[in-house]
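These notes are about the structure you will find just below.
Chain naming here is simple, since letters A, B, ... match the order of the sequence lines and numbering starts at 1 in each.
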4 protein chains.
Amino acid sequence: METRTNRQQKALETKNKLIDAALRTFSRKGFKESTTKDIAKEAGVTDGLIYHYFQSKEDLLWAIFDKYTLLHSLEETVSRLDSNQPLEHNLTIYFQSLFRSLDESQDLIVMCFGEAQRNDDIRRKIQEIIGRGAELLVTFLEPKVRIGRRELSIAVRNLQTAMVFHFLTVDRFMEGGKARQEYIEISVRQLLKIIAE
Amino acid sequence: METRTNRQQKALETKNKLIDAALRTFSRKGFKESTTKDIAKEAGVTDGLIYHYFQSKEDLLWAIFDKYTLLHSLEETVSRLDSNQPLEHNLTIYFQSLFRSLDESQDLIVMCFGEAQRNDDIRRKIQEIIGRGAELLVTFLEPKVRIGRRELSIAVRNLQTAMVFHFLTVDRFMEGGKARQEYIEISVRQLLKIIAE
Amino acid sequence: METRTNRQQKALETKNKLIDAALRTFSRKGFKESTTKDIAKEAGVTDGLIYHYFQSKEDLLWAIFDKYTLLHSLEETVSRLDSNQPLEHNLTIYFQSLFRSLDESQDLIVMCFGEAQRNDDIRRKIQEIIGRGAELLVTFLEPKVRIGRRELSIAVRNLQTAMVFHFLTVDRFMEGGKARQEYIEISVRQLLKIIAE
Amino acid sequence: METRTNRQQKALETKNKLIDAALRTFSRKGFKESTTKDIAKEAGVTDGLIYHYFQSKEDLLWAIFDKYTLLHSLEETVSRLDSNQPLEHNLTIYFQSLFRSLDESQDLIVMCFGEAQRNDDIRRKIQEIIGRGAELLVTFLEPKVRIGRRELSIAVRNLQTAMVFHFLTVDRFMEGGKARQEYIEISVRQLLKIIAE
DNA sequence: GATGAATGAGGCTTCATTCAT
DNA sequence: GATGAATGAAGCCTCATTCAT
């Protein structure tokens with residue numbers, strides 16, 4: 001019994017190693033440019049084993065999405081925002097959390113951006129990344145601001161998009177969090193100007 | 001002599017046909033997924049001819065950049081902004097021009113976003129897309145607003161990034177310009193709240 | 001001790017299950033096209049077990065021949081023919097028995113025909129199918145007919161070949177035995193015309 | 001113009017070389033066991049070229065059937081039979097022609113027998129081989145014999161089947177035509193006993 | 001005895017690139 | 001300049017076989 005469990009455990013680990021290796025490889029080189037040999041090597045196993053666990057290279061891609069839920073900590077963050085605190089404080093917390101989520105899902109998001117152009121399923125994933133967080137925040141902000149939901153939605157969505165893009169092209173290549181913190185503070189203050197009465 | 005010139009003319013046309021065909025193909029399917037056969041077919045020539053004009057498939061990629069300067073009409077637009085007009089008017093004109101530039105360079109931009117992940121030169125191209133326009137506008141706006149250049153730069157850059165992304169993921173899939181116009185108007189008004197005294 | 005015997009019994013059953021599964025699979029898909037996974041699945045065991053009982057996939061093929069002797073009931077049939085009965089009666093009994101033998105060995109024969117081209121050992125098996133029965137019958141008939149053994153042998157062999165082929169390409173795809181019976185009757189009468197004085 | 005024709009000519013030859021090489025390889029080793037490398041090597045070209053001319057390995061199989069019509073000389077032979085000559089003479093001529101046709105199509109027929117089990121299209125081809133010739137001969141014989149068409153058809157079909165099988169398993173492995181000639185003579189005489197009044 | 005994870009050679013196919021015509 | 005036949009490396013995937021448990 002113990003033995004059985006151990007073997008299954010090991011197999012599960014191998015499968016996960018493959019998924020993670022695939023994610024790293026895909027995010028570094030893109031899906032098409034990543035060879036199954038690359039992935040196997042990155043996972044420390046042989047070529048053929050991929051096909052013991054997955055039907056195809058593409059199957060490995062979907063396995064990545066099954067395993068990783070994007071920005072899953074964001075909902076939690078929003079649920080813990082304190083309405084008694086000033087807006088500026090809450091927004092800062094939210095966007096800091098967004099950046100931390102981006103840090104965590106970095107590989108996945110980079111890969112998604114690379115593949116979105118060619119793959120509609122992935123394009124939808126990206127829209128989800130931007131959209132989900134935005135909706136959460138909009139719902140939280142709506143009763144607290146004067147502007148209509150449509151305007152609010154555009155303001156939040158625009159800023160969030162810009163932030164994800166900023167993360168992808170600037171932030172993730174920089175050391176230290178000071179620049180990030182400054183960027184967040186300025187952005188939050190600008191958002192406040194838009195939405196505050 | 002005349003014949004020679006004609007031939008050269010024809011050759012130039014063929015070369016251009018190949019560059020344009022490559023751009024369309026790359027933007028539709030991505031660089032790796034586009035085969036030289038695809039490109040030749042799209043250009044209406046035979047396989048091997050590509051290698052008469054270009055050293056390699058990658059060479060074709062760089063030829064695209066040599067031929068097309070991104071957003072080249074944007075500078076002209078900024079230079080024609082009228083300082084006597086209200087800011088809202090000028091900003092609207094600017095962003096309308098930005099969207100028209102995106103329309104024109106659609107294939108190129110889509111391709112750049114698709115390939116940026118794998119290719120640092122292309123990544124730089126994208127930063128250029130976002131950055132150049134932003135700098136022009138910042139320079140125009142700076143003497144007219146109260147906030148510092150740093151804040152102004154972030155505001156403009158954030159909005160411009162969001163707009164390019166909006167174009168890529170939403171706008172270009174929609175018919176009719178009403179939604180676009182509304183999106184621009186709202187965004188301009190929000191920018192004004194940030195930068196106006 | 002008992003347990004041991006039970007285990008041996010169980011092992012033998014598993015081995016037989018594998019042989020039969022292999023036969024079915026080979027006859028359905030051919031040797032090369034049948035994977036060890038196919039066979040294991042058909043036998044209801046796991047992949048690796050095949051190699052506990054057999055050295056290789058090809059070894060399984062030979063095990064099939066070791067287990068099944070083709071047309072083994074034919075000798076018995078011939079030994080029970082009654083010389084006092086008319087030839088027509090005896091021939092009919094013989095060929096009916098041949099078809100029943102073919103029914104029984106259907107999978108094996110189909111497989112042999114499929115693999116004969118690539119494998120000399122199997123080719124010999126087929127010759128045996130046709131030849132053995134023919135010799136038995138020729139020996140039984142020889143003293144009862146006028147024509148020489150050479151002619152008799154050709155006549156019997158030709159008909160038997162035709163019958164095996166008829167079975168493979170026509171008979172085995174048909175429901176009901178009426179057509180078969182008619183085919184046998186006509187063929188027997190024609191054989192009689194050849195061999196009868 | 002000349003040049004063009006020469007190149008096209010050469011290309012056609014290469015394509016034919018590939019078809020013939022495939023036929024030889026398939027008939028020797030079977031379809032599945034023949035690798036594209038085998039075929040290319042047999043044709044004296046490189047691997048990839050196969051896919052310049054054919055869509056797939058299977059496509060090559062159908063190209064073989066497009067190129068070669070089985071037993072096409074048989075119809076001609078039947079049309080030239082002389083009703084004024086004795087039956088024995090005509091039958092001998094017919095079956096000699098059959099064997100010559102088998103000689104010519106040897107590779108193709110061997111391949112067909114090898115693949116028939118797995119491939120319905122090929123199974124049909126084989127039935128055609130046996131059936132076509134038989135029908136031609138039956139139509140020629142019908143007005144000249146006493147027995148009904150059903151009996152006649154079975155007699156002819158049985159013999160022809162036996163002959164094709166004899167060719168495949170015995171005749172083609174033997175040197176010299178004497179044994180063949182004797183086999184034909186005996187078989188013809190036996191057929192005459194069946195169908196002659 | 002039985003399992004199924006792991007290996008690695010090899011097959012079919014694609015495709016950038018070369019080159020004779 | 002233009003063609004397209006030819007090359008050969010490399011990719012995805014299959015599968016017989018081994019082996020630790």
Test side chain to side chain contact (heavy atoms under 4.5 Å, CB included) on B/F31 and B/K57; report intermediate values, then the result.
CA-CA 9 Å; B/F31 179 77; B/K57 191 174 130 183; 3.7 Å; yes
Which nucleotide in the list F/dA5, E/dA6, E/dA2 gets nearest to the side chain of A/L49?
E/dA6
Identify, between D/A11 and A/K10, the residue whose nearest nucleotide on DNA chain F lies closer to the 5' end.
D/A11
What do you reckon, is NZ of C/K32 surrounded by more than 12 foreign heavy atoms closer than 6.0 Å?
yes
How long is the line joining CD of B/E13 and C1' of F/dA2, in whole Å?
15 Å
Checking N1-N3 plus N6-O4 or O6-N4 for Watson-Crick, or N1-O2 and O6-N3 for wobble, each under 3.5 Å, the partner of E/dG11 is F/dC12
Is there a donor-acceptor contact under 3.5 Å linking the side chains of B/D20 and B/Y68?
yes
From CZ of D/R7 over to C1' of F/dA2, roughly how many Å is that when rounded to an integer?
10 Å
NZ (B/K67) with more than 12 external heavy atoms under 6.0 Å
yes
For DNA chain F, whose closest nucleotide is more 5', that of B/Y53 or that of D/T14?
B/Y53
Measure CG/A/L18 against P/F/dC13 and give the value in whole Å, please.
14 Å
Among E/dG4, E/dG8, F/dT3, find the nucleotide with the atom closest to the side chain of A/T46.
E/dG8
NZ of A/K41 versus P of F/dC12: gap in Å, rounded?
15 Å
Any N/O pairs under 3.5 Å between the protein and nucleotides 16-18 of chain F? List them or say none.
unit_1 : atom_1 : unit_2 : atom_2 : d
F/dA16 : OP1    : C/S34  : O      : 3.4
F/dA16 : OP1    : C/K57  : NZ     : 3.0
F/dA16 : OP2    : C/T36  : N      : 2.7
F/dA16 : OP2    : C/T36  : OG1    : 2.9
F/dT17 : OP2    : C/Y51  : OH     : 2.6
F/dT17 : OP2    : C/K57  : N      : 3.0

In whole angstrom, what separates A/F54's CZ from F/dT14's P?
15 Å
Please determine if a side-chain N or O atom of D/H52 lies less than 4.0 Å away from the OP1 or OP2 oxygen of F/dA5.
yes
Any-strand Watson-Crick or G-U partner of F/dG4, both distances under 3.5 Å:
E/dC19
Whole angstrom value for the distance that separates P of E/dC19 from CD1 of B/I50
17 Å
Could you give the CD-to-P distance, from D/Q9 to F/dG4, as a whole number of Å?
16 Å
Does a donor on one side chain and an acceptor on the other come within less than 3.5 Å for B/Y51 and B/D59?
no
Could you state the CG-P distance from D/L60 to E/dT13, rounded to the nearest angstrom?
10 Å
Let me know which of A/R24, A/K37, A/K29 forms a salt bridge (charged side-chain N to carboxylate O under 4.0 Å, His left out) with A/E42.
A/R24
Taking every non-hydrogen atom, the tightest pair across B/S27 and B/V110
O-CG1, 3.5 Å
